[in-house]
Amino acid sequence: MTAPSAWAPLRRTAYRALWLAQFASNTGTWAQTVGAQWLMGDLGGSTFQVALVQAATTLPVFLLVVPSGAIGDILDRRRVLMSGQAMMLAGAAALAALAASGAATPVTLLALIALMGTGQALSMPSFQAIQPELVPRAEIPQAALLNGVNMNVGRAIGPALGGFLIAAAGPAATFAFNTASFLGVLVVLWRWRRPSDHRPLGAEHVVTAVRTGARYVRSSPLFSRVLVRCVLFVVFGSGLWALLPAVARGPLGLGAGGYGVLLGSVGAGAIGGAFVVPRLLRRIGKNTLITVATCAYGVSTAVAGLTTATAVAIPAMLVAGAAWIAVLSTLNATAQVLLPAWTRARALAYYQLVLMGGQAFGAVVWGALGGVLGVGAAMVVPAAAMVLVVLVAARLLPLTDRELDTSPASLWDAPPEIADTAAGPVLVTVEWRVPAARVAAFTEAMRKVGRSRRRTGATLWGLFRDSEDPELHLETFTVDTWHEHLRQHLERGTAVDVAVEAAARELAAGPPRVRHLLWARSHGDGPHGNGPGGDGPGGTPPPA
């Protein structure tokens, strides 16, 4: 079997239309960033206020991306995306009108940029989560690559286009162009006929969905590894992005045009990487590819920091662009295929959080280091560190090349019917009888079962052995409400969870016995079981 072509996802009509519209939007966003910073200067803004333009863009994402991911899982993702795009369109249109009329002020500029950042936060998790709905599972790595190419080329073209528009018609032209770019995305989303989500129990509450998403991330070692590997790469890799403007102005002695050439080289390298990465993934696997690409990125960063020749820096940026997209597209694609549909947007929100947070943190650290040691040293230090870190991480935190079946599957038989679905917490006990010779293997298998229970909604889990009957084992786990337990039964189980429990059942002597117990409320208990003495779930937890 051969890997799909790097451009295979573009044969899918819905993906292709959204990719082209998103490319225009990415280009418009980068053009508008230049326009907003320039306009702040025209309005007499201080250096601090100019810096606040970028903060107004990123801060809403940090604050809102996690609840936005939960919203993307509990509501229709197409509508969520359209709402986010409409919010950004409104902000860009208002900026264009205010700038053209001369009515813009530093406060209104920052407020509207923040509004657009809110729309971006709302859109990001859902955009990532719909990728498996647009292309077949086998083409997800290629789709992630193309999305990375989209962003990198937009990053290269947008600032140059923004400068041209400012010179030709003023900052208002960049806002007008960005407004038009959002129209394309909205039209594509409006025409896309997304199948409705299967939610037998209706939408979750946002707060509950956020908690469930956090619990899933904590209980999924494979996905957690992706997050850690992402942080380790972007914290050190952000040194190049943070210091490249200083390198262009300083050691290389370039002007704005030369800096644009360096950014264009990064974009060109990303396009070239899109051709190479699918073949390398097929031949050497994820871990080796990420290790090699990270080392190549580190060497390129060091070369860019040490050289004074543009002819050397440009090839280094070509390699850096290819390596950057190789690492991040592989991590992104891995994250997508590890997640079931019911939690994909909220879990990917954490991926976006660590991706952007790592870059912001790294930029501050390496920027400060550059002020102390100089630009060259500040480029070499993170470059050397990322090479050392990836060699250790490849051994201690390897990514899986196995295909995991996260398709929906029923975990258990239908639970008993209870009228009050808000009742809880619920204690579920499962009695397992295990032959003495299989106890060690059973205990190990049940560790995976415990993670499965937590991923699907359990708050506490434990496995106990009877002191008088060593073959009798009691599994216990608690769920907040009966309604949440129904979601475990009907909505959250996957083929992976079924396989994990099947492995434990094969080691047991016969089927387990399951019992469901509800929190016993006393006369003085409140609506959630909390009595005046504080002995309900808000005080001492139920025995589990």
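These values consider heavy atoms only, across backbone and side chains, with no hydrogens, waters or symmetry-generated copies.
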Discussion item. As a test of understanding, state which of R346, R344, R487 forms a salt bridge (charged side-chain N to carboxylate O under 4.0 Å, His left out) with D73.
Written reply: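 One option only clears the test, and that one is R346.
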Measure the [atom1]-[atom2] distance between [X] and [Y] for me, rounded to the nearest 0.5 Å.
{"X": "S123", "Y": "Q352", "atom1": "OG", "atom2": "CD", "result": "11.0 Å"}
{"X": "Y297", "Y": "W324", "atom1": "OH", "atom2": "CH2", "result": "5.0 Å"}
{"X": "L328", "Y": "L355", "atom1": "CG", "atom2": "CG", "result": "6.0 Å"}
{"X": "N332", "Y": "L348", "atom1": "CG", "atom2": "CG", "result": "7.0 Å"}
{"X": "L404", "Y": "L222", "atom1": "CG", "atom2": "CG", "result": "6.0 Å"}
{"X": "I71", "Y": "E204", "atom1": "CD1", "atom2": "CD", "result": "12.5 Å"}

So, does [X] use its side chain to make a donor-acceptor pair with the main chain of [Y] at under 3.5 Å?
{"X": "S265", "Y": "V261", "answer": "yes"}
{"X": "D405", "Y": "V496", "answer": "no"}
{"X": "S452", "Y": "K448", "answer": "no"}
{"X": "T118", "Y": "A114", "answer": "yes"}
{"X": "W19", "Y": "L146", "answer": "yes"}

Side-chain heavy atoms of [X] within contact of [Y], under 4.5 Å:
{"X": "R454", "Y": "F477", "result": "no"}
{"X": "Y216", "Y": "P340", "result": "yes"}
{"X": "Y351", "Y": "Q128", "result": "no"}
{"X": "P132", "Y": "R137", "result": "no"}
{"X": "I74", "Y": "V206", "result": "yes"}
{"X": "I140", "Y": "V135", "result": "yes"}
{"X": "T310", "Y": "L254", "result": "yes"}
{"X": "T406", "Y": "L338", "result": "no"}

Contact summary for [X] and [Y], nearest pair of heavy atoms:
{"X": "Q336", "Y": "Q131", "result": "OE1-CB, 3.2 Å"}
{"X": "V479", "Y": "A458", "result": "CG2-CA, 4.4 Å"}
{"X": "A378", "Y": "W366", "result": "CB-O, 3.7 Å"}
{"X": "G72", "Y": "A345", "result": "C-CB, 3.9 Å"}
{"X": "A409", "Y": "T494", "result": "CB-C, 3.6 Å"}
{"X": "L244", "Y": "L262", "result": "CD1-CD1, 4.0 Å"}

What pairs with [X] under side-chain hydrogen bond (donor to acceptor under 3.5 Å, both in side chains), at least two apart in sequence or on another chain?
{"X": "K286", "answer": "T334"}
{"X": "E484", "answer": "R492"}
{"X": "T291", "answer": "none"}

Who are the side chain to side chain contact (heavy atoms under 4.5 Å, CB included) partners of [X], not counting sequence neighbours?
{"X": "T294", "answer": "F233, I290, V327, M386, V390"}
{"X": "V439", "answer": "V434, T443, R465, H473"}
{"X": "L388", "answer": "none"}
{"X": "V235", "answer": "V231, F361"}

Residue list, salt bridge (Lys or Arg N to Asp or Glu O under 4.0 Å) with [X], at least two apart or on another chain:
{"X": "R447", "answer": "E444"}
{"X": "R455", "answer": "D497"}
{"X": "R218", "answer": "none"}

Item to complete: Could you walk me through whether W342 and E491 pass the side-chain contact (heavy atoms from CB on, under 4.5 Å) test, one step at a time?
Response: CA-CA 7 Å; W342 70 267; E491 294 182 353; 5.7 Å; no
Fill in: Stepwise side-chain contact (heavy atoms from CB on, under 4.5 Å) test for W461 and T476
CA-CA 6 Å; W461 180 88; T476 68; over 6 Å; no
Practice prompt. Begin with the C-alpha distance, continue with both residues' side-chain angles, and end with the deciding distance and a verdict on side-chain contact (heavy atoms from CB on, under 4.5 Å) for F127 and L18.
Written response: CA-CA 10 Å; F127 178 77; L18 188 57; 3.8 Å; yes
Worksheet item: Cut-off 3.5 Å, side chains only: do Q359 and W241 have a donor facing an acceptor?
Response: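 Checked: Q359/W241 side chains show no N/O donor-acceptor pair below 3.5 Å.
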Practice prompt. Verify whether one side chain among T459 and T478 offers a donor that lies under 3.5 Å from an acceptor in the other.
Written response: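 Looking only at side-chain atoms, T478 and T459 do form a donor-acceptor pair, the distance falling under 3.5 Å.
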Discussion item. Set out, in order, the CA-CA distance, both residues' side-chain angles and the distance that settles side-chain contact (heavy atoms from CB on, under 4.5 Å) for W30 and I157, then state yes or no.
Written reply: CA-CA 8 Å; W30 284 105; I157 295 175; over 6 Å; no
Worksheet entry | Verdict with supporting geometry, S181 and N178, side-chain hydrogen bond (donor to acceptor under 3.5 Å, both in side chains) | CA-CA 5 Å; S181 73; N178 199 29; 3.2 Å; yes
Worksheet entry | Pairs meeting criterion salt bridge (Lys or Arg N to Asp or Glu O under 4.0 Å) with involvement of residues 224-244, two or more places apart |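 Pairs touching residues 224-244 that pass the test: none.
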Worksheet item: Is E501 paired with R453 through a side-chain N to carboxylate O contact shorter than 4.0 Å?
Response: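 Yes, R453 and E501 are salt-bridged.
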Output side-chain donor-acceptor pairs under 3.5 Å for residues 9-17, partner residues at least two apart or in another chain, one line each.
unit_1, atom_1, unit_2, atom_2, d
R12, NE, E139, OE1, 3.2
R12, NH2, E139, OE2, 2.7
Y15, OH, A143, O, 3.1
Y15, OH, N147, OD1, 3.1
R16, NH1, L10, O, 2.7

